[in-house]
Amino acid sequence: MPLVAAGELVARAAVSRTAVAAFNVITLEHVEAVVAGAEVADAPVILQVSENAVKFRGGRLLPLANAASAAAEHASVPVALHLDHVQSDELLRQAAGAGFSSVMYDAARLPYAENLAATRAAADWAHAQGLWIEAELGEVGGKTGQPPLDAHAAGARTDPAEARAFVADSGVDALAVAVGSTHAMTTRTAALDHDLLKRLAAALDVPLVLHGSSGVPDDELRAAVAGGITKVNVGTALNIAMTGAIRDYLTAHPEAVDSRKYLTVGRAAMAETVTRIIRVLGTTG
């Protein structure tokens, strides 16, 4: 089926008090695995291309975006395409013509006033193009190029009153909140601040997004969804699954040189991870 709008998937999840899973993709194998895993779970899914992934692909957005669009055309479940963690205004402006229905504009590294001004400008542009826009307030941390972050440090968490003002003044459609998770975690040991999440959900009238979800245990994810999270971003968990499966295959088959052999097992491992996470979130077709 054709690509659907990410904002529609998130809105449906909010109504059903579930969360839509959004997976960051880097290679064609990632794209295929996410779609396959979502089909097994019989659930909608969001494919996310981050600015870091675009840099990895030589600064070119269209090859991976076009691959994702083609995969969605053949999927039996709804698939949306989202441009994630965009800091470059030049890249942001490529989204509208590349199949993306939504963007996450990331100015969270800036002081509050500068974050607000940059995000307001991005939101005005995005809405003029018919794009749904997500922003971040607080410090999730852990992205490539960022200094180490203690997710439990004072000031790292999203303040509900500040978040309410930020959403009203920026005009964004969704907000990624810092409640204890961190990007790029390779252990599932994150402990979320569910009391803070409850207060954020009460203070805001836009969908809440959880970044850094690879490091969050299943019971914490379920509690986060029950507490108001309606979009859950996952990236590192796919890379862990793929790398582990390929490493095991090459250890067992040291003579292997055909990349299709080990990429096949890597893709299958990622697809299983996608299905498991979607089922944890309670999302269905």
Side-chain angles (χ1 to χ4, degrees), residues 1 3-4 6 8-10 12-13 16 18-50 52-53 64-65 67-85 99-102 104 181 183-188 190 209-222 224-225 229-249 262-285:
M1 62 181 66
L3 283 166
V4 300
E8 292 180 9
L9 297 184
V10 175
R12 292 180 203 169
S16 62
T18 60
V20 61
F23 294 93
N24 284 77
V25 297
I26 303 170
T27 68
L28 177 57
E29 286 70 32
H30 282 76
V31 172
E32 293 171 332
V34 171
V35 172
E39 288 178 328
V40 171
D42 188 27
V45 73
I46 299 174
L47 293 170
Q48 300 197 144
V49 178
S50 72
N52 283 336
L64 191 56
S69 297
E73 290 282 349
H74 296 280
S76 61
V77 295
V79 180
L81 188 57
H82 175 82
L83 189 57
D84 194 37
H85 278 286
F100 294 89
S101 61
S102 61
M104 185 272 173
S181 58
H183 291 108
M185 285 186 68
T186 57
T187 58
R188 302 186 68 206
V209 184
L210 185 66
H211 287 210
S213 303
S214 294
V216 182
D218 288 352
D219 58 345
E220 289 280 285
L221 282 177
R222 293 188 188 97
V225 174
I229 291 292
T230 52
K231 176 172 176 278
V232 173
N233 287 16
V234 178
T236 301
L238 297 188
N239 297 330
I240 291 172
M242 183 183 198
T243 303
I246 291 174
R247 182 179 289 121
D248 290 345
Y249 181 88
Y262 53 82
L263 287 176
T264 295
V265 298
R267 183 176 56 196
M270 287 193 289
E272 290 176 3
T273 298
V274 168
T275 300
R276 181 188 64 77
I277 290 174
I278 290 175
R279 287 173 172 165
V280 167
L281 301 181
T283 314
T284 65

- Query: Between Met104 and His211, is a side-chain contact (heavy atoms from CB on, under 4.5 Å) present by the stated rule, with each step listed?
  - Reply: CA-CA 11 Å; Met104 185 272 173; His211 287 210; 3.9 Å; yes
For this session: Side-chain contact test, heavy atoms from C-beta onward, threshold under 4.5 Å: evaluate it for His82 versus Lys231 and give yes or no.
Result: yes
Side chains of Val49 and Phe100: does their closest heavy-atom pair fall under 4.5 Å? yes
Please test Gln48 against His30 for side-chain contact (heavy atoms from CB on, under 4.5 Å), starting from the C-alpha separation and ending with a verdict.
CA-CA 10 Å; Gln48 300 197 144; His30 282 76; over 6 Å; no
(request) Compare all side-chain heavy atoms of Val234 with those of Val232 and state whether any distance is below 4.5 angstrom. (result) yes
One should read off an interatomic distance between Thr18 OG1 and Leu281 CG, to the nearest 0.5 angstrom, of 8.0 Å
*Report the C-alpha distance between Thr230 and Val20 in whole Å, list the side-chain angles of each, state the deciding distance to 0.1 Å, and finish with yes or no for side-chain contact (heavy atoms from CB on, under 4.5 Å).*
CA-CA 6 Å; Thr230 52; Val20 61; over 6 Å; no
Here the pair of heavy atoms bringing Met270 nearest to Ala33 is CB-CB, 3.6 Å
(request) Might you work through the side-chain contact (heavy atoms from CB on, under 4.5 Å) test for Val77 and Asp42, ending with a clear yes or no? (result) CA-CA 7 Å; Val77 295; Asp42 188 27; 4.1 Å; yes
side-chain contact (heavy atoms from CB on, under 4.5 Å) test vs Met242 passes for just one of Thr273, Leu263, Ile26, namely Leu263
Closest non-hydrogen contact found for Ala72 with Val79 is CB-CB, 3.8 Å
One should read off an interatomic distance between Leu9 CG and Ser102 OG, to the nearest 0.5 angstrom, of 9.0 Å
Note to self: Looking at Ser76, is its backbone amide N or carbonyl O close enough to the side chain of Glu39 to form a donor-acceptor pair, meaning the two atoms are under 3.5 Å apart?
What the structure shows: yes
Shortest non-hydrogen pair, Val45 vs Ala21, comes out as CG2-O, 3.5 Å
Output for pair (Ile277 CD1, Ser213 OG), nearest 0.5 Å, gives 8.0 Å
- Apply side-chain hydrogen bond (donor to acceptor under 3.5 Å, both in side chains) to Asn24 and Asn233, showing your working. CA-CA 7 Å; Asn24 284 77; Asn233 287 16; 4.9 Å; no
Ala6 and Ser101 have their tightest heavy-atom pair at N-OG, 2.9 Å
Here the gap from Ile246 atom CD1 to Glu29 atom CD, rounded to the nearest 0.5 Å, amounts to 8.0 Å
Between Ile278 and Ala43, the two heavy atoms sitting closest are CG2-CB, 3.5 Å
One should read off an interatomic distance between Ile229 CD1 and Leu210 CG, to the nearest 0.5 angstrom, of 5.0 Å
(message) Could you tell me if the side chain of Ile240 sits less than 4.5 Å from the side chain of Ser214, heavy atoms only?
(response) no
Smallest heavy-atom separation, Ala269 atom then Ala245 atom, equals CB-CB, 3.7 Å
Do any N or O atoms from the side chain of Ser16 and from the backbone of Ala13 form a donor-acceptor pair under 3.5 angstrom?
-> yes
Distance-only donor-acceptor check, side chains Ser50 and His85, under 3.5 Å | no
d(Phe23 CZ, Leu47 CG) to nearest 0.5 Å is 9.5 Å
